[in-house]
2 protein chains.
Amino acid sequence: MTAHQPPEGYDPRAFEPFAVTVDLAVLTVREERLHVLLVERGESPYAGSWALPGGFVLPRESAEQAARRELAEETGLSGDTVADLHLEQLRTYSEPDRDPRMRVVSVAFTALVPDPPEPRGGGDAAQARWLPYGTHGPLAFDHDRILADAHDRVGAKLEYTCLATAFCPPEFTLGELRQVYETVWGVELDRPNFRRKVLATPGFVQAVAGPPRLTGGRGKPAALYRAGEATTLHPPLLRPEGRPA
Amino acid sequence: MTAHQPPEGYDPRAFEPFAVTVDLAVLTVREERLHVLLVERGESPYAGSWALPGGFVLPRESAEQAARRELAEETGLSGDTVADLHLEQLRTYSEPDRDPRMRVVSVAFTALVPDPPEPRGGGDAAQARWLPYGTHGPLAFDHDRILADAHDRVGAKLEYTCLATAFCPPEFTLGELRQVYETVWGVELDRPNFRRKVLATPGFVQAVAGPPRLTGGRGKPAALYRAGEATTLHPPLLRPEGRPA
DNA sequence: TCCTTAAGAGTCATGTTGACTATAAAGGTC
DNA sequence: GACCTTTATAGTCAACATGACTCTTAAGGA
């Protein structure tokens, strides 16, 4: 078969059509734990299971537009808020039997959100909720794998990009930033070394003028920072041990 | 719209269906230049332009299966050879108007091949050819962007994975491996430092017993190595300057 | 025989990292 | 109020990795 030329007599409409959907792995750090946004399925298949939010790509939108639209609908976030979120294509899942009902090719996205606003279901029934990563049972469809892939990807990208700031509110302390790394990687980092590394990387964070902020309780107040201009880290901030699987 | 539940009255078959295709950015290093496998389009749109090889995903195959099948068909490589190639999903391109004829969502893959066997068109007309990267005019559809994304991705992955060995034949010299880095990154690397770094990374390469091989002409014969067990580089082998755009 | 090319061994100064120590500034407890 | 705990922030020091080199070896070509 030649590139992009259907074989003789091929008419895509003659086949059972492919449905194209988006799935969203929306992650946040809340109370020192990684949380995922999930919806509970009401119907078969997988009725009663948790699933990643998502939905069909409409005829005139791109997969990314569909992802932002679904995210707004399922979380009740405003369009402006959703427009600013860090949204990144993860990969596409296309196994023929991943959905028992029909042929569905799904473009998965990873979204990172700072302060987790409690979601409210959109106009319709499905209630989206934040659950601690790993505490939910098996997810519907191949969503366990999608979620695991998203976690792997985010963990890897923390090493060589400034992605961690996407988990933080506009102004944050270095302790909060360190907490992001510790939570996603599941390790403890040395405070002074982390601080030295972040401040030595030009453009990672920029100091905010003004008084330090109380950390919410104990300890010495911490200085505030904003995300900087840089998007990549050179050299990278590597995980303690070797790379995980 | 609730996750994976079509809205009321929604029937995917009622819409113009989405076609799902794969596009392949097949790269190799030949004569110290990066080469891309391209096919010449015979029909409108973009008749006469070069395009990435690719084709439709059939109803019962995954995108990756379709990619390997298309690759075998368009290069004339045997199924076994294609089965061993390094094939990696790049990302999915889904802009509504990327193909003027119909709605086509394309899953792009990057394939890395070692010694470039001159391809022969499969049973059908399209002649696939290796062209030096950048010497072809504008490609059909959004393939310039796909190819650029593939190049970026490969360049970045050379830094922190053992991917470079996928460009090399089963047994290779460190000079050939260095050539891969230099060609993809477009820089010159210091020979002794490159050697030290590669040999110091456990599992990157393993020495092959036996006599050294003549490099094909000048210079001292070089020892041969095979790809090792490792898949990631710790610490990474960073590009000389900062990261490119 | 001499020149050129590339492999491979080794040196040295610099930069980065991991492990630690110490001090400052908050809240909590008795 | 004295004292403990917690967290931020400033340093120190040794191990390690890197970039820039030099030098030797072993091939082909003129």
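Letters A, B, ... are given to chains in the order of the sequence lines, protein chains preceding strands, and every chain is numbered from 1.
Taking atom CZ on B:R178 and atom P on C:dA6, their separation rounds to 8 Å, with Å as the unit. Atom-to-atom, CG of A:L189 to P of D:dT7 comes out at 15 Å; the value is rounded to the nearest Å. Residue A:Q179 contributes atom CD, which lies 12 Å from atom C1' of D:dT7 at whole-angstrom precision. Summarising the geometry, the separation between CG on A:L177 and C1' on D:dT9 is reported as 16 Å, rounded to the nearest angstrom. Atom CG of A:L224 is separated from atom C1' of D:dT9 by 15 Å (rounded to the nearest Å). When rounded to the nearest whole Å, the span between OH of A:Y160 and C1' of C:dT16 equals 21 Å.
Judged by the 6.0 Å distance and 45° axis criteria, B:R91 is positioned over the aromatic ring of B:Y93.
Atoms CZ and CD, from B:R178 and B:E188 in turn, are 8.0 Å apart once rounded to the nearest 0.5 Å.
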What does the list of N/O pairs under 3.5 Å between the protein and nucleotides 3-5 of chain C look like, with a distance for each?
unit_1: C:dT5; atom_1: O2; unit_2: B:G219; atom_2: N; d: 3.4

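Residue-level contact check: B:A200 touches neither bases nor backbone, having no heavy atom under 4.0 Å from any strand.
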Review point. What is the per-nucleotide protein-contact pattern of nucleotides 10-18 of chain D, from the 5' end, where B denotes a base atom under 4.0 Å from a protein heavy atom, S denotes such proximity for sugar-phosphate atoms only, and - denotes neither?
Key: BBB----SB

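When the side chain to side chain contact (heavy atoms under 4.5 Å, CB included) test is applied to B:R195, the partners found at least two apart in sequence or on another chain are B:L174, B:L199, B:Y225. Scored by the salt bridge (charged side-chain N to carboxylate O under 4.0 Å, His left out) test, A:E88 finds A:R153, A:K157 as partners (sequence neighbours excluded). Applying the ring-ring contact (aromatic ring centres under 6.0 Å, His included) rule to B:W50 yields no partners; only residues at least two apart in sequence or on another chain are considered. The side chain to side chain contact (heavy atoms under 4.5 Å, CB included) search around B:A166 returns B:H86, B:L112, not counting sequence neighbours.
Under a 3.5 Å cut-off, the side chain of A:E176 and the backbone N or O of A:T173 do form a donor-acceptor pair. The backbone N or O of B:A108 sits nowhere less than 3.5 Å from a side-chain atom of B:D23 that would complete a donor-acceptor pair.
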